[in-house]
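Throughout, numbering of the chain's residues begins at 1 and tracks the sequence. Quick caveat: nothing in here was measured; it's all calculated off a predicted structure.
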Amino acid sequence: MKRINGGDASMAADKERPRLTGLPPVADERCRLLILGSMPGEASLRAQQYYGHPRNGFWPLLYALLDGGEPAAAYEERLRFALSRGVALWDVLAACEREGSLDTAIRRPEANEFARFYAAYPGIRHVFFNGSTAADLYRRQVMKGAADDGRSYTLLPSSSPARAMSQAAKLEAWQPVRAAWLAVQS
């Protein structure tokens with residue numbers, strides 16, 4: 001019986017996946033909310049920008065939720081906006097292997113060091129996951145059965161254009177970010 005190139009080819013493909021390194025956190029002492037993605041996509045890594053794909057709905061969502069109007073064109077202005085609203089940005093993964101941008105292609109994930117991050121930014125009380133992969137990776141890679149840490153955790157639908165959902169529906173589903181933001185304002 002002749003063997004068809006199945007297992008050997010897929011094992012070779014796993015070895016050829018590039019090792020990717022994520023972006024540093026965007027945070028300061030004012031931050032009370034943290035929005036976590038899984039790992040930046042190809043466009044974001046090339047630009048070295050969170051949510052750098054032009055069709056990603058993240059920045060329009062954040063600005064709409066936090067009374068910002070239209071997102072600034074300049075990335076540095078967008079970061080200043082997030083920080084001025086007490087919102088930190090990061091990803092669950094520090095590194096992984098992945099071909100393309102899809103979360104389903106992530107292999108050999110390596111989590112960021114959250115204990116050190118939370119020690120540096122103890123004011124963060126609300127953690128939001130930008131998509132189910134971020135939540136699953138955090139649960140498996142970071143929490144690992146850890147006890148309650150006093151933070152609230154909320155799963156949001158992904159802002160990625162790959163998530164088949166209208167921007168209006170995403171805005172409605174992301175309202176917990178606004179509620180948490182308003183709560184920490186008082």
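The main-chain N or O of L23 is never found under 3.5 Å from a side-chain atom of D91 such that the two would form a donor-acceptor pair. At least one donor-acceptor pair under 3.5 Å links the side chain of S44 to the backbone N or O of G52. A donor-acceptor contact shorter than 3.5 Å is absent between the side chain of R30 and the backbone of G86. No donor-acceptor distance shorter than 3.5 angstrom exists from the side chain of N130 to the backbone of I35, with no hydrogens or angles considered.
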- Item | Derivation of the side-chain contact (heavy atoms from CB on, under 4.5 Å) call for W181 and L65 | CA-CA 9 Å; W181 175 65; L65 291 165; over 6 Å; no
- Message: side-chain contact (heavy atoms from CB on, under 4.5 Å) for L89 and L79? Distances and angles first, verdict last.
- Response: CA-CA 9 Å; L89 306 175; L79 295 182; 4.2 Å; yes
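Qualifying side chain to side chain donor-acceptor pair (under 3.5 Å) partners for S152, counting only residues two or more places apart in sequence or in other chains: H126. Looking at residues two or more places apart in sequence or on another chain, you find a ring pair (Phe, Tyr, Trp, His ring centres under 6.0 Å) between Y118 and F114. Among residues two or more places apart in sequence or in another chain, the side chain to side chain donor-acceptor pair (under 3.5 Å) test is passed with R80 by E77. By the ring pair (Phe, Tyr, Trp, His ring centres under 6.0 Å) test, Y50 pairs with no residue at all, sequence neighbours left out.
Scanning both residues, G57 and P60, for their nearest heavy atoms gives O-CD, 3.3 Å. Listed here is the closest heavy atom pair of P157 and W174: O-NE1, 2.9 Å. Minimum interatomic distance between A27 and A88 (heavy atoms only, all atoms of both residues): CB-CB, 3.8 Å. The nearest pair of heavy atoms linking L62 to A82 is CD2-CB, 4.0 Å. Of all the heavy atoms in R19 and R108, the pair that sits closest is NH1-O, 2.8 Å. The shortest heavy-atom contact between P176 and T154 is CB-CG2, 4.1 Å.
In this structure the side chain of L36 reaches within 4.5 angstrom of the side chain of Y138, judged on heavy atoms. Looking only at side-chain heavy atoms (C-beta outward), Q167 and L61 come within less than 4.5 Å of each other. Contact annotation: the side chain of Y121 never approaches that of L34 to less than 4.5 Å [non-hydrogen atoms, C-beta and beyond].
Cluster membership check: L66 shares its hydrophobic cluster with F129, using side-chain heavy-atom separations under 4.5 Å among Ile, Leu, Val, Met, Phe, Trp and Tyr. The hydrophobic clustering, which links ILVMFWY residues whose side-chain heavy atoms are closer than 4.5 Å, places F58 and M165 apart. A chain of hydrophobic side-chain contacts below 4.5 Å, direct or via other Ile, Leu, Val, Met, Phe, Trp or Tyr residues, connects I124 to V87.
Classified by interplanar angle (parallel below 30°, tilted 30° to 60°, perpendicular above 60°), the ring pair Y75/W59 is perpendicular. The aromatic rings of F81 and Y63 lie parallel to each other, their planes meeting at an angle below 30°, with 60° marking the opposite boundary.
Pairs of residues two or more places apart, or lying in two chains, that qualify as salt bridge (charged side-chain N to carboxylate O under 4.0 Å, His left out) and include a residue from residues 177-186 are D67-R178. Applying the salt bridge (charged side-chain N to carboxylate O under 4.0 Å, His left out) test to residues at least two apart or on different chains, the pairs with a partner in residues 114-133 are E113-R116.
Residue L156 holds its CG atom at 11.0 Å from OG of S132, rounded to the nearest 0.5 Å. Rounding to the nearest 0.5 Å places CZ of R107 at 11.0 Å from CD of E99. Atom-to-atom distance recorded for Q141:CD and C96:SG is 10.5 Å, nearest 0.5 angstrom. R85 contributes atom CZ, which lies 15.5 Å from atom CZ of R32 (distance to the nearest 0.5 angstrom). Of the inter-residue distances, the one linking M39 atom CE with T21 atom OG1 reads 6.0 Å to the nearest 0.5 angstrom. The structure places CG of L20 at 6.0 Å from CG of L45, a figure rounded to the nearest 0.5 Å.
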